[in-house]
Amino acid sequence: MTSSTPENWEAVIGLEIHTQLATVSKIFSGASTAYGAEPNTQACAVDLGLPGVLPVVNADAVHKAVMFGMAIDAHIAPYSIFARKNYFYPDLPKGYQISQMDLPIVGIGHLDIEVDGETKRIGITRAHLEEDAGKSLHESFHGLSGIDLNRAGTPLLEIVSEPDMRSAKEAVAYMRKLHELVRYLGICDGNMQEGSFRCDANVSVRPKGQQVFGTRAEIKNINSFKFVEKAINHEIERQIELLENGGKVVQETRLYDSDKDETRSMRSKEEANDYRYFPDPDLLPVHIDEEFKATIKADLPELPDAKKLRFKNNYQLDNESAGILTASRALADYFEQVVKISTCEAKLCANWITGELSAALNKADLEINDSPVNAERLAGLLRRISDNTISGKIAKQVFEILWQQADTDADGIIEAQGLKQITDTGAIEAIIDKIIADNPGQVEQYRSGKDKVFGFFVGQVMKEMQGKANPAELNKMLKAKLS
Amino acid sequence: MHTKTITALAQGLRDREFSSVELTQHFLARIHQYSELNAYITITEEAALSAAAHADTLLATGNAPTLAGIPIGQKDIFCTLGVKTSCGSKMLDNFIAPYNATVVEKLNQTGAVMLGKLNMDEFAMGSSNENSYYGAAKNPWDIARVSGGSSGGSAVAVAAGLAAAATGTDTGGSIRQPAAFCGITGLKPTYGRVSRFGMIAYASSLDQGGPMTHNAEDAAILLQAMAGFDDKDSTSVNHPIPDYQATLNDSLKGLKIGLPKEFFGEGLSANIATDLHNATQEFQRLGAELIEISMPTLTLAIPAYYVIASAECSSNLSRFDGVRFGYRCENPVDLADLYTRSRGEAFGKEVKRRILMGTYALSAGYYDAYYLKAQKIRRLISEDFKKALAQVDIIMSPVTPTNAFGIGEKTADPVQMYLEDLYTIAINLAGLPAMSIPAGLSAEQEGAPMLPVGLQLIGNYFAEAQLLNVAHQYQQVTDWHQRKPADFQ
């Protein structure tokens with residue numbers, strides 16, 4: 001779906017993305033952050049907001065936030081403070097959320113995205129640490145609501161972009177890039193179904209050429225790339241239609257309904273809470289010094305953009321393959337392992353991983369880390385293609401077996417099934433002679449100029465040899481015999 | 001036995017003069033006998049006797065911890081595992097704490113026997129204990145008068161011999177003022193010296209727990225057990241803990257005592273001025289030097305305090321919403337009804353007043369004018385103290401402008417009540433340690449009863465040992481701390 005923005009209008013989009021930091025325990029308590037436990041079994045006294053309890057900040061959450069800041073080349077605040085955002089809701093146990101307001105831990109940074117072959121820099125205003133709320137469950141309680149506080153206190157990094165995006169496509173590209181980055185850094189598992197990576201989109205439109213931003217609407221809690229694109233496009237259309245009919249956009253919060261593919265009003269600016277932010281007196285300011293930053297910088301993994309460039313330069317990969325292979329750190333690592341173990345040409349490795357292997361993974365809905373064919377077994381197979389033991393076609397059969405039978409390896413399969421390619425010219429020659437003798441008519445046709453018939457001979461010889469003839473050798477000899 | 005100090009009781013226990021069970025029974029009997037004082041909200045009789053029996057077995061081995069078998073009371077603001085922790089409020093009348101506050105845990109570990117939970121102003125908001133849901137604790141020197149607050153029950157219990165010692169908390173004077181009114185020794189430590197974990201928050205940046213005892217030596221012993229860094233409280237400070245008893249007998253020769261002229265001017269009752277003058281003379285005789293100092297920002301302390309404390313409490317008390325624990329209204333029709341009625345029915349007047357003030361002070365458009373301004377004043381006050389304490393070793397002042405006033409006398413006028421804390425509040429804003437020690441017994445006018453007068457000692461950050469030393473030396477040459485209310489001998 002491409003943006004349907006008419007020529008004379010321009011959309012302005014900024015995203016707020018909540019990434020759940022992959023810490024073992026919560027941001028202000030020792031309770032586990034694991035997903036999916038029985039309701040309220042992972043909420044300790046601190047998470048429940050019992051009288052007298054106090055928050056203590058999880059150093060790992062701070063560490064991960066700083067990692068993110070370094071990765072987007074952002075200003076890291078030497079001094080940041082936690083603030084209380086006050087509002088009442090049953091799934092907010094303390095009656096306030098601990099967040100950051102005036103002095104967030106990560107300041108101005110940026111992220112480059114690629115749309116239609118062009119690179120665009122998206123500004124990141126800030127990223128701040130905060131705790132998640134619990135969940136209200138409104139079903140199956142007979143008119144009452146249930147509260148599950150397992151999620152309460154889960155660390156979040158809220159990443160706020162500048163209003164730099166001009167289409168839903170750009171917004172999705174930014175979101176994907178961010179998703180890729182946080183997973184690279186290992187600071188977020190990126191699981192969107194479990195809500196580890198959620199997006200709020202601020203959308204406004206303005207006549208093309210106008211400098212001033214239009215009034216924006218905020219679309220809350222969009223949990224997939226697909227829905228972000230749809231929700232933004234829908235909202236752009238709604239606002240343009242409204243303005244073209246003489247209406248006005250009101251500043252409000254809207255919800256995207258994926259079933260109906262529409263957004264609807266949740267609350268207007270007037271109904272918005274006064275959150276009465278103030279510095280949390282239970283927590284000390286977070287001081288980050290140069291030494292701490294240097295340690296984190298040294299431990300930072302190679303980032304997607306740098307890795308992609310290196311793959312292009314060192315392995316002579318094209319832009320697309322390099323992009324696919326570096327989309328996740330795990331896939332990139334897999335690729336490099338295969339190259340290293342197999343010592344094959346990088347291009348061959350790349351083709352197999354982005355082709356056969358990726359297709360199989362997609363079909364089985366598996367991530368690279370769960371691939372039934374590990375790097376070593378794939379390398380074993382590629383080595384045999386490389387040294388002409390088997391042809392590419394036979395290799396696909398071998399791969400099929402590698403995929404299905406865990407304890408096999410390429411050499412074993414080739415041996416057991418007699419798939420070894422025949423490079424013995426004597427054997428190939430004998431078959432060629434037989435086929436030529438058996439098909440005088442086709443020989444006549446070929447010699448009278450019908451080149452297409454050449455394929456017939458190749459097929460017949462291969463058939464006779466169960467596909468094991470070395471294709472290059474076969475072509476060469478056949479050509480000589482027929483001429 | 002009930003007038004004895006911790007040191008004397010510990011000796012008695014070790015010499016088998018009496019057992020902890022006997023001692024505990026003695027205190028429990030007095031608590032029941034003098035229930036009219038309303039010092040306790042909850043009496044944990046059974047648990048106390050079993051803790052005492054356990055202490056006796058430890059004492060018999062000759063290897064018991066310092067406070068083994070000593071019966072104490074805990075202010076009902078400290079969470080106590082399995083015991084009602086009401087914080088003086090209807091809101092928590094049904095709240096059984098599922099864990100121990102760090103202070104409680106520490107005192108349990110040193111073998112202290114908890115007799116029960118002591119009365120206090122609701123959520124520690126008050127200067128007279130009249131804001132308690134359970135009624136005011138009464139001053140044993142004159143039961144028509146207030147005990148002071150918010151740690152009123154603690155002061156009454158120690159003064160009337162209903163506990164050997166007690167814990168208190170001090171946000172704007174809540175240890176020192178009742179200690180002064182009831183004639184006992186109270187110490188508010190440096191902010192961060194004693195863990196706040198499990199101490200129900202009123203104003204987080206000001207709250208600090210401390211000991212309330214018969215004398216400075218007991219305060220040293222109790223503080224020793226209470227103090228220390230706690231990894232569950234980010235605002236507790238990892239600073240070495242000295243042996244508070246080791247320096248009690250240091251000489252005061254050459255000690256520079258600062259007397260802020262702003263604290264001895266208008267508003268101070270004449271009898272208190274006289275008693276404090278006599279006390280400072282005593283210090284001079286002990287070798288100290290008296291220096292008049294000026295701290296011009298002190299007069300700004302009360303408005304700054306009521307903005308900051310109210311702002312923090314408005315947020316701290318949001319968790320009392322009727323959803324998970326505490327009071328819940330009957331048959332709420334919807335969420336808003338649940339919130340408004342639960343809070344409306346369970347919070348007392350003063351608590352509501354401060355929540356409203358604080359909510360207002362933090363509201364959009366007012367934040368800069370109130371909260372930020374108050375924080376600036378707070379910094380100025382700290383600077384003033386810093387300057388003064390560079391010039392002198394210790395500052396002395398009154399604790400209260402008047403003697404204990406009558407129950408009901410000031411409840412109609414909250415501002416009048418707030419002015420009670422004139423001399424104590426600035427110290428909380430600065431985070432400094434301060435003590436209140438008995439320094440006189442006098443009547444405000446002809447025919448009025450003779451009531452205790454407190455002297456405030458203010459020290460530098462983490463100078464608790466010095467404060468205790470100064471107080472102890474004074475108590476070696478005076479006997480005000482040994483005077484006990486006649487009706488509760």
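Nothing here was measured: the structure is a model prediction, and the numbers come from that model. A note on names: the letters A, B, ... follow the listed sequences, proteins ahead of strands, and every chain is numbered from 1.
- Contact residues of residues 60-67 of chain A toward chain B are absent (heavy-atom distance under 4.5 Å).
- If you measure heavy-atom distances from B:Phe78 to chain A, you find no contacts under 4.5 Å at all.
- In this structure, A:Ile108 places its CD1 atom where only 12 or fewer heavy-atom neighbours from other residues, nucleotides or ligands lie under 6.0 Å away.
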Pairs under 3.5 angstrom only: tabulate donor-acceptor contacts from the side chains of residues 213-222 of chain A to other protein residues two or more places apart or in another chain.
from     : atom 1 : to       : atom 2 : distance (Å)
A:Arg216 : NH1    : A:Asn202 : OD1    : 3.0
A:Lys220 : NZ     : A:Asp200 : OD2    : 3.3

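- Looking at B:Leu92, the atoms closer than 4.5 Å to chain A (heavy atoms on both sides) all sit in the side chain, from C-beta outward.
- Interface check for chain B: of the options A:Leu283, A:Leu284, A:Leu50, the most heavy-atom pairs under 4.5 Å are formed by A:Leu50.
- Taking every heavy atom of both residues into account, A:Gly49 and B:Phe325 meet most closely at O-CZ, 3.4 Å.
- Only the backbone of B:Ala311 comes within less than 4.5 Å of a heavy atom in chain A; its side chain stays farther off.
- Note: A:Phe88 CZ to B:Leu338 CG = 10.5 Å, rounded to the nearest 0.5 Å.
- Applying the salt bridge (Lys or Arg N to Asp or Glu O under 4.0 Å) rule to A:Glu290 yields the partners A:Lys293; only residues at least two apart in sequence or on another chain are considered.
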Between chain A and chain B, donor-acceptor distances below 3.5 angstrom:
from     : atom 1 : to       : atom 2 : distance (Å)
A:Leu48  : O      : B:Arg324 : NE     : 3.1
A:Gly49  : O      : B:Arg319 : NH1    : 3.3
A:Leu50  : O      : B:Arg319 : NH1    : 3.0
A:Pro51  : O      : B:Tyr99  : OH     : 2.6
A:Gly52  : O      : B:Gly198 : N      : 2.7
A:Val53  : N      : B:Tyr99  : OH     : 3.3
A:Pro55  : O      : B:Ser234 : OG     : 3.1
A:Arg84  : NH1    : B:Ser315 : OG     : 2.9
A:Arg84  : NH1    : B:Asn316 : OD1    : 2.8
A:Arg84  : NH2    : B:Asn316 : OD1    : 3.0
A:Asn86  : OD1    : B:Ser315 : OG     : 2.9
A:Tyr89  : N      : B:Tyr339 : OH     : 3.3
A:Pro93  : O      : B:Arg324 : NH2    : 2.5
A:Lys94  : O      : B:Arg319 : N      : 3.3
A:Tyr96  : OH     : B:Arg319 : NH2    : 3.2
A:Asp274 : OD2    : B:Ala364 : N      : 2.8
A:Asp282 : OD1    : B:Arg196 : NH1    : 3.4
A:Asp282 : OD1    : B:Arg196 : NH2    : 3.0
A:Asp282 : OD1    : B:Ser204 : OG     : 3.2

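- For the set A:Pro281, A:Pro90, A:Pro93, A:Pro51, the count of heavy-atom pairs under 4.5 angstrom toward chain B peaks at A:Pro51.
- If you tally non-hydrogen atom pairs under 4.5 Å between each of B:Val323, B:Leu317, B:Leu335 and chain A, the highest count goes to B:Leu335.
- If you measure heavy-atom distances from B:Ala101 to chain A, you find no contacts under 4.5 Å at all.
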